[in-house]
Amino acid sequence: MIVELGHFALVLALAVSLVQTVVPAIGAHRRDAQLMGVGEPAAILQFLLVGAAFAALTYAFVVSDFSVKLVYDNSHSMKPMIFKISGVWGNHEGSMVLWILILAMFGAMVAFFGRNLPDTLRARVLAVQASIAVAFLLFVIFTSNPFVRLDPAPFEGTGLNPLLQDRALAFHPPWLYAGYVGFSMTFSFAVAALMEGRVDASWARWVRPWTLAAWLSLTIGIAMGSWWAYYTLGWGGFWFWDPVENASLMPWLAGTALLHSAIVAEKRGALKSWTILLAIMAFSLSLLGTFLVRSGVLTSVHAFAVDPARGSFILGILIFFVGGSLALYAWRAPMLKAGGIFAPISREGALLMNNMLLSAATASVFIGTLYPLFLDALTGEKITVGPPFFNYTFVPIFVPLLCLVPLGPLLGWKRADVMAAAERLLAAAGIAFVALIASFAFFHEGPWLAPFGMALAVWLVAGAFSEVAWRIKLFSTPLAESLSRARRMPRAVWGTALAHGGVGICVIGIIGVTAWSDELITAVAPGESAEIGGYTLTLQGVALRDGPNFDAMVGVVGVSRGGRDLGTMLPEKRRFPAERQEKTEPAIRTNGISDLYVVLGEQAGNGKWVLRAYRNTFAPLIWIGGTIMAIGGLISLFDRRLRVGAPTGARMRFAAQPAE
Amino acid sequence: MTRKQRRATFIATSLGILGLAVGLMLFAMRDSIVFFYSPSDVVERGVEPGQRIRLGGLVEQGSLQDFGDATLSFNVTDFVETVTVTYRGVLPDLFREGQGVVTEGAFGEDGNFTATNVLAKHDEYYMPPEVADALKRSGQWQGEGAEASHAETYGQGSYP
């Protein structure tokens, strides 16, 4: 019964979003306040209905109602509760319902917080947002209905892919989707602005927090996905330039560009039409990402179901929204008034440079990801574009961008003195130089480019500090004065410094793992030892262990360094009887700076066990850096300048707290 | 700086970056792309020693050999031609004899294929599309074998 109610709620949501698409748009056209007023209650109702459908589906998973085909296909009564719940979105149909739920949530947030937006703009934003919901609700209801029943109902489900039964992965899709779908909001604002034919500072001020929220969710989602790939796939790597990873990286790059160009549009009224184009591109790339992973054109752990009807449907949605919005852009963008003249060397110029390099980087990922698909479709030739392609294209484009990052925030608006800014970065440059020498001295065996990368990373971190130090006049005024300046400094400045510093920390990790890691593949009998990066690994034995829904072969590996015992590591090979699949579970021992990573392989004929081990220098910094970037975004999001229409009293109380 | 000069600077910079990006991509396209070969392709078209390729097909029944020092060998076949693959490392969880596999590596001067990656992220119902195509071309396609089930949710990725 509850399942049928969920299905019914989903169909009702479709009807509501149809109304929400048409009525407010007509209202905005005719300047009819009553018709425009339909938008807000419709958006909230739509959110409640999709929420009800999602809750019904979750209920079916929680109680293991195997009469629902989706539950039968993706769950098992023995599965731990957290994976029963994450199983809701661990499949094609459920994940699309989650997608729509987040979409509706963003629409409801505009209805809720957007009371101070101009009426016509709000009505149009809600209408555009609802039109996306219509497309995806049609998609779910007609091609991917999650509420299909089975008759007779089976007694037991077939289980969830063991790779997906993982705590970090359980929350990777919601974050990733919040990012993807968050860009729908900026897209709706961009299309609404094109309909209005007008972009002003208040528009940009509205778009920035949504971009920031989407960007920060996407950052967390990508970091979680990469962390999961690192600790679960047993390959010791963190990024494989796999098409599904690229599908999430492209909107992130475009979103990062949008984040920066929106600043120019807000502060200086320049780059407006470029900002709109970027907003359209960021969401288009999100849609492309959804298409790539959902249509089955790419085969991966993400391609849950290969059904041509679904692929063509999403392709249709993609063409409609991308083509439609770009056509609207071509038609209306020339009407937007250009504003804000600036010299090439200025804050605006630096942000434009950032945008150009980020767009070029996005393009290189786009080509590398889609070229094999086009080639296959046109000639039938099967090729793979792997890491070397991206090392030759993406990396050379990204390195100059990273070199310029510390400089940008120190330049003044309109026209800047580059020498003055460079002077403020002297200390950072000095530290980077020391880092260069130190890494050459310390890691003399690795590739010669790596110390330069290290210097670049340290330059980013030190540059972020320099900006803060300059703004609070550290060392040039008494400490108390600096501290009070630090307290009064806008949160957005802290956010920028943290995010830029986070990039640097992430780069340290990437360079460490790529250049200075050790790998060991060996076969050892119980009692035998092997050496890796100064550690001695001793296989003490192999035993069986029972898990909740699996049994595991556990290798007991003693770790010691220079004769000092450091405890044991327990890599596993798990067997999931319900799913009839196996999964290796690496053991990772970390000291916060570097990881020791051990995988248990097969038993060879002579009774020896294959062990694969890595020592990954600086690996944890990759995700620590990503987290710092996201925290920077979060702090910026709470900048009072971005909180439109917040009551003054509350605002002052908030601002009085010291930012961390 | 006049308005015109300013505009010229912006246009020159963006063209410069565009040119750089295109140049890098063309350069990278030339020698960092990996082609897929079936065992028959290898015999028909030939592969230069040292050139990285993806070799895919079925793991021949009974061909898996274990040398006891973490080195393995197995035969990849499309029932017309067969190539022996040597690999050092841990096989993927879903590597099985008789099932589809994609390996990435290169032929040595001695004509032996050494794989650096073995991709077998499929299960008993799933066939990597490249392998399915290769089998269809060699006329050995038997169909999916079993009816599609939830198991096809589990794809063979280009995750290593």
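Just so it is clear: chains get the letters A, B, ... in the order the sequence lines come, proteins before strands, and each one is counted from 1.
The two atoms that bring B:Ala28 and A:Thr393 nearest to each other are CB-CG2, 3.7 Å, heavy atoms only. Counting all heavy atoms, side chain and backbone alike, B:Gly89 lies closest to A:Val610 at O-CG1, 4.1 Å.
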Please walk me through it: do A:Tyr371 and B:Met25 pass side chain to side chain contact (heavy atoms under 4.5 Å, CB included)?
-> CA-CA 11 Å; A:Tyr371 179 65; B:Met25 280 184 232; over 6 Å; no
Tell me, with the steps shown, if A:Ile367 and B:Met29 meet side chain to side chain contact (heavy atoms under 4.5 Å, CB included).
-> CA-CA 10 Å; A:Ile367 302 280; B:Met29 282 290 177; 3.5 Å; yes
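Counting heavy-atom neighbours within 6.0 Å of B:Arg52 CZ, excluding the residue itself, gives a total above 12. Surrounding OH of A:Tyr392 are at most 12 heavy atoms belonging to other residues, nucleotides or ligands under 6.0 Å away.
B:Arg88 places a side-chain N or O within 3.5 Å of a backbone atom of A:Ile521 that can act as its donor or acceptor partner.
Residue pairs that meet the salt bridge (Lys or Arg N to Asp or Glu O under 4.0 Å) test with at least one member in residues 386-400 of chain A, sequence neighbours left out, do not exist here.
Looking at A:Thr522, the atoms closer than 4.5 Å to chain B (heavy atoms on both sides) all sit in the backbone: N, CA, C or O. Of the two parts of A:Phe342, the backbone and the side chain both hold a non-hydrogen atom closer than 4.5 Å to a non-hydrogen atom of chain B. A:Lys608 touches chain B through its side chain: at least one heavy atom from C-beta onward sits under 4.5 Å away, while N, CA, C and O do not. No part of A:Glu519 comes within reach of chain B, as not one of its non-hydrogen atoms sits under 4.5 angstrom from that chain. With a 4.5 angstrom heavy-atom cutoff, B:Phe35 touches chain A via backbone and side-chain atoms both.
For the atom pair CG (A:Asn391) and CG (B:Leu24), the distance works out to 12.0 Å, reported to the nearest 0.5 Å. The structure places CG of B:Asn117 at 10.5 Å from OG1 of A:Thr384, a figure rounded to the nearest 0.5 Å.
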Counting only pairs under 3.5 Å, give me each side-chain donor-acceptor contact of residues 13-23 of chain B, with atom names and distances, residues two or more places apart or in other chains.
| unit_1 | atom_1 | unit_2 | atom_2 | d |
| --- | --- | --- | --- | --- |
| B:Thr13 | OG1 | B:Thr9 | O | 2.5 |
| B:Ser14 | OG | B:Phe10 | O | 2.8 |
| B:Ser14 | OG | B:Ile11 | O | 3.1 |

